[in-house]
S.K.: 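Have a look at the structure that comes next, please.
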Amino acid sequence: MTKSHPGIRPDPARPIISIGTINVDQLIGPIAHWPQPGTETVYPDYEMRIGGGCGNFGAALMALDAHQHIVVNVGKDAMGDWLCEQFGPLADHWHRSDTVTSVTFGLTHPDKERTFLSNEGHSSIFDATMVREMLSGTRVDGAIALFVGTFLMPGLLPDCASLMKELHDSGAIVALDTAWPTGGWSDDVQTHLESWLGYVDILLINDAEASGILGIAQTEFARDIETYLARIADKLPSDAIIVVKRGAAGATAFAGGKILHVPVPGPVDVVDTVGAGDCFNAGFLMALQMQAALPDALRAGIEVAGKAIASNPRKYPEISDLCPDVAAVLSAPVPTGEEIMTFDQVENS
């Protein structure tokens with residue numbers, strides 16, 4: 001089997017690290033019309049589940065029995081306790097902040113779209129000091145380290161570039177899922193992004209986010225994807241991978257000056273698209289960590305996301321739920337890695 005992209009050399013013995021947002025999602029609906037103020041309306045559907053970029057990503061990896069290290073904070077309240085319970089020992093090192101846990105209320109609609117209402121909560125005070133504490137003692141050389149939901153964490157934004165550089169210098173493979181910034185692609189957002197991209201080995205975006213980064217319409221991006229991805233690639237390390245998650249159209253990667261597209265293999269009965277991109281990230285990055293070839297990694301991302309969004313209530317797929325080819329990629333034996341310096345040792349050297 002061909003190894004993953006030549007410039008990306010993950011060590012399967014290392015954990016997949018995620019740094020970012022986690023919250024409680026409460027979904028209710030379907031809501032066809034906004035209720036009148038001062039009234040009460042009862043809806044038939046309700047679900048409470050793990051949310052946020054790191055939450056969805058971590059839950060998907062947990063179902064796949066992946067080796068992972070989740071770097072998040074939660075509040076010191078019942079919702080924070082509940083989140084920790086869902087992840088068991090994986091949450092033992094999480095930072096418990098002296099505030100309320102962030103909660104997102106998802107209002108579902110008959111056309112399967114969603115409207116979200118969120119409080120600031122613990123995510124607003126997540127910072128680089130917490131990240132460094134939770135990475136202390138963790139072996140990061142050869143590990144994939146994903147930043148996700150970064151624009152939702154104002155306390156982390158000023159130090160993101162330095163954190164990415166520290167991880168990069170420690171031998172980690174830095175991945176970034178920009179998500180859609182709450183205020184759009186403003187000058188401040190673009191300035192932050194420009195300061196990060198030089199350390200990003202894997203950029204994970206969708207069509208809308210690619211268009212936002214470039215400052216063009218989605219229709220314009222779709223007309224010449226290869227040229228526009230090359231323009232983004234100019235800002236990344238020369239051996240970086242860009243992945244565009246394209247929903248029902250599959251996924252497109254740009255690496256080494258070449259474009260690669262993998263379609264969705266068959267129809268998917270889409271029930272709930274919340275967290276679809278995070279589930280793709282889980283399958284894709286786990287496959288890369290297992291040293292899969294880039295096409296196989298894209299297929300793994302598509303397969304994991306497709307299984308998740310076809311479930312209601314949400315069920316993250318296990319290895320046994322996946323098609324045989326993808327299951328084989330994600331269940332390859334993990335070799336024993338050599339002893340290396342930990343993150344804090346490199347940072348302080």
Side-chain angles (χ1 to χ4, degrees), residues 4 8 10-25 49-74 83-94 131 134-135 138-140 142-149 167 172-177 179 201-202 204 243 245 251 272 274-292 296-311 314-323 326-334 337:
S4 56
I8 304 295
D11 183 346
R14 301 291 171 248
I16 301 171
I17 299 166
S18 54
I19 302 166
T21 54
I22 188 170
N23 55 264
V24 176
D25 275 359
R49 69 186 190 208
I50 299 161
C54 266
N56 296 328
F57 179 76
L61 285 181
M62 188 164 57
L64 295 168
D65 199 27
H67 181 27
Q68 64 171 316
H69 185 74
I70 305 169
V71 178
V72 295
N73 71 323
V74 294
L83 283 171
C84 290
E85 289 167 5
Q86 306 314 299
F87 285 91
L90 288 170
D92 286 349
H93 63 275
W94 291 1
V131 173
M134 285 182 275
L135 285 176
T138 301
R139 297 175 179 175
V140 301
I144 294 175
L146 171 68
F147 287 77
V148 59
L167 282 161
I173 297 153
V174 177
L176 171 66
D177 186 328
D201 301 295
I202 304 169
L204 298 150
V243 175
K245 298 170 278 187
D272 179 1
V274 174
D278 302 315
C279 295
F280 175 94
N281 292 349
F284 175 76
L285 293 179
M286 182 177 176
L288 278 191
Q289 188 74 32
M290 302 301 289
Q291 299 185 340
D296 291 334
L298 292 171
R299 278 187 279 271
I302 291 168
E303 174 81 356
V304 172
K307 294 292 186 184
I309 65 177
S311 65
R314 172 58 52 85
K315 179 184 182 298
Y316 294 101
E318 301 176 5
I319 295 287
S320 59
D321 298 320
L322 306 175
C323 70
V326 171
V329 167
L330 298 184
S331 57
V334 177

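No hydrogens, no waters, no symmetry mates; every other heavy atom, side chains included, goes into these values.
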S.K.: Whether the side chain of Gln289 engages the backbone of Asp11 through a donor-acceptor N/O pair (distance < 3.5 Å, no angle test) should be reported.
M.R.: yes
S.K.: May I ask you to say whether Lys315 pairs ionically with Asp321, meaning some side-chain N is under 4.0 Å from a carboxylate O?
M.R.: yes
S.K.: Which heavy atom in Asp278 sits nearest to a heavy atom in Gly52, and how many Å separate them?
M.R.: OD2-O, 4.1 Å
S.K.: Main chain of Leu146, side chain of Ser18: is a donor-acceptor contact present, judged purely on distance under 3.5 Å?
M.R.: no
S.K.: Report the residues that fulfil salt bridge (charged side-chain N to carboxylate O under 4.0 Å, His left out) with Arg49, sequence neighbours left out, ordered by chain and then residue number.
M.R.: Glu47, Asp272
S.K.: Less than 4.5 Å apart, side chain to side chain, heavy atoms only: is that true for Phe57 and Val148?
M.R.: no
S.K.: Do the side chains of Phe280 and Leu298 get nearer than 4.5 Å, heavy atoms only?
M.R.: yes
S.K.: Within this structure, what is the CZ-SG distance for the pair Phe284 and Cys279, rounded to the nearest 0.5 Å?
M.R.: 15.0 Å
S.K.: I'd like to know if the side chain of Arg314 reaches the main chain of Ala308, judged simply by a donor and an acceptor atom lying under 3.5 Å from each other, with no hydrogens or angles considered.
M.R.: yes
S.K.: Roughly how far apart are Asp201 CG and Ile173 CD1, rounded to 0.5 Å?
M.R.: 6.5 Å
S.K.: Does anything in residues 297-307 pair up under side chain to side chain donor-acceptor pair (under 3.5 Å), and if so which pairs, sequence neighbours excluded?
M.R.: Asp296-Arg299
S.K.: Could you report the tightest heavy-atom contact between His93 and Met134, atom names first, then the distance?
M.R.: O-CG, 3.4 Å
S.K.: State, to 0.1 Å, how close Ser331 and Ile319 come at their nearest heavy-atom pair, and which atoms those are.
M.R.: CB-CG2, 4.3 Å
S.K.: Between Leu167 and Ile19, is any pair of side-chain heavy atoms under 4.5 Å apart?
M.R.: yes
S.K.: Is it the case that the side chain of Gln291 and the backbone of Pro12 share a donor-acceptor pair, with hydrogens and angles ignored and the cut-off at 3.5 Å?
M.R.: no
S.K.: Would you say the side chain of Val304 lies within less than 4.5 Å of the side chain of Tyr316, judging by non-hydrogen atoms?
M.R.: no
S.K.: Closest heavy-atom contact between Thr138 and Pro15?
M.R.: CG2-CG, 4.3 Å
S.K.: Could you state the interatomic distance from CE (Met286) to CG (Asp65), rounded to the nearest 0.5 Å?
M.R.: 7.0 Å
S.K.: Hey, what do you get for CD1 (Ile50) to CG (Asn56), rounding to the nearest 0.5 Å?
M.R.: 8.0 Å
S.K.: Could you give the distance from CG (Leu285) to CG (Leu204), rounded to the nearest 0.5 Å?
M.R.: 5.5 Å
S.K.: For Met290 and Ala332, work out which heavy atoms get closest and say how close.
M.R.: CE-O, 2.9 Å
S.K.: Please find the pair of heavy atoms, one from Ala297 and one from Ala287, that lie closest to each other, and give the distance.
M.R.: CA-CB, 3.6 Å
S.K.: Roughly how far, to the nearest 0.5 Å, is the CG atom of Asn73 from the CD1 atom of Ile22?
M.R.: 9.5 Å
S.K.: Could you pull out all residues at least two apart from Asp177 that satisfy side chain to side chain donor-acceptor pair (under 3.5 Å)?
M.R.: Lys245, Asn281
